[in-house]
Amino acid sequence: MMKKLALILGALCSGSVMANAHLEHAQLPYQQATAIPYDSTPYSPQATMPEQCRDPLVEQYIADWEAGRVDFNTIKSNDSIAKDQRFCKTMDDDGNIMEAEDCKLENAPVGYLWKELSDAPVVIGITNGGKSDHAPHFHGQPECYYAVSGRARTLADGQYKWMEKGMYFYIPGNTIHNTPITEEEGFGVMYWYPQNAHFDGFKYYWRKDVKNLRVAEEAFDRVDALRKAAMDLGPYGTNQDKFEK
């Protein structure tokens, strides 16, 4: 019996067995490390396009918008967006993407809708939002906004600052951002991810995606405290009375 135990212990300690044990416990895809986000971009909305946001395709879209050549209904997607995806999108109350009939806000259960304009060479979209709440989130790609209509307060430099029509805003990667729309006039933005293409490769992180990663949960907690102080909003999903349709 003792001899058998010695042989087993010897085998477990051998290089080949230990190597196999290591391979059997290789990290699985769902075990990849979760990014730890910054609480807020250090930048604020501004009157000119930030250098980090410059892109010729985006600049042409904005020039057409400012010249009145396009509006939310007439602006066109480029050929990187499949023809069957060139419609006004919104979500139902369960978060499922759906078409907003006639591209009208009253047909958007969550109070906002968007169009995809480009998936390559850069991801670009445009939104039209009525009074509505939005969940704080982050992703690895930096993001830029250009306000096409209305105004709203957006998480910027550790505060909720007003962003108004004609302003630009830069959000570095892995940075929590959030723009509830509290004004009756609503708010619309053109958004893009500079030097990043193909949205299906992006990973969005919401509070539920960092559960039990306490340092990340605490970042979302601090954002919730800022929402409360600036707009008297509770955590996302608890403000239905303030955003009734």
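Computed over heavy atoms, backbone and side chain alike; hydrogens, waters and symmetry mates excluded. These figures come from a predicted structure and were not determined experimentally.
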Donor-acceptor list for residues 212-220 side chains, cut-off 3.5 Å, not counting sequence neighbours:
unit_1, atom_1, unit_2, atom_2, d
Arg214, NH1, Glu217, OE1, 3.0
Arg214, NH2, Asp221, OD2, 3.0
Glu217, OE2, Asn212, N, 3.1

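Residue Met49 is found in a hydrophobic cluster whose other members, listed by chain and number, are Leu57, Val58, Tyr61, Ile62, Trp65, Val70, Phe72, Ile75, Leu105, Leu113, Leu117, Val122, Ile124, Ile126, Tyr146, Val148, Tyr168, Met190, Trp192; membership requires side-chain heavy atoms under 4.5 Å apart, directly or through intermediates.
In summary, the side chains of Lys161 and Ser44 do present a donor paired with an acceptor at a separation below 3.5 Å, with no hydrogens or angles considered. Donor-acceptor pairing under 3.5 Å is recorded for the side chains of His139 and His177.
Ring geometry for Tyr204 against His137 counts as parallel: the plane angle stays under 30°, on a 0 to 90° scale with 60° as the upper cut.
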**Prompt:** Which is it for Leu155 and Ile176 under the side chain to side chain contact (heavy atoms under 4.5 Å, CB included) test, yes or no, and what are the steps along the way?
**Reply:** CA-CA 8 Å; Leu155 181 58; Ile176 297 176; 4.2 Å; yes

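With a 6.0 Å radius and a threshold of 12 heavy atoms from other residues, nucleotides or ligands, Glu66 has its CD atom above the threshold.
In this view, Tyr236 satisfies the ring pair (Phe, Tyr, Trp, His ring centres under 6.0 Å) rule with no residue, not counting sequence neighbours. For Lys203, the side chain to side chain contact (heavy atoms under 4.5 Å, CB included) partners at least two apart in sequence or on another chain are Tyr205, Asp209.
For residues 107-134, the set of pairs meeting the salt bridge (charged side-chain N to carboxylate O under 4.0 Å, His left out) definition, not counting sequence neighbours, comprises Lys89-Glu116, Lys131-Glu184, Asp133-Arg227. The salt bridge (charged side-chain N to carboxylate O under 4.0 Å, His left out) contacts involving residues 73-84 comprise Asp79-Arg86, where partners must be two or more places apart or lie in separate chains.
A distance of 11.0 Å separates OH in Tyr145 from SG in Cys53, rounded to the nearest 0.5 Å.
Counting heavy atoms from C-beta on, the side chains of Phe187 and Met163 come closer than 4.5 Å.
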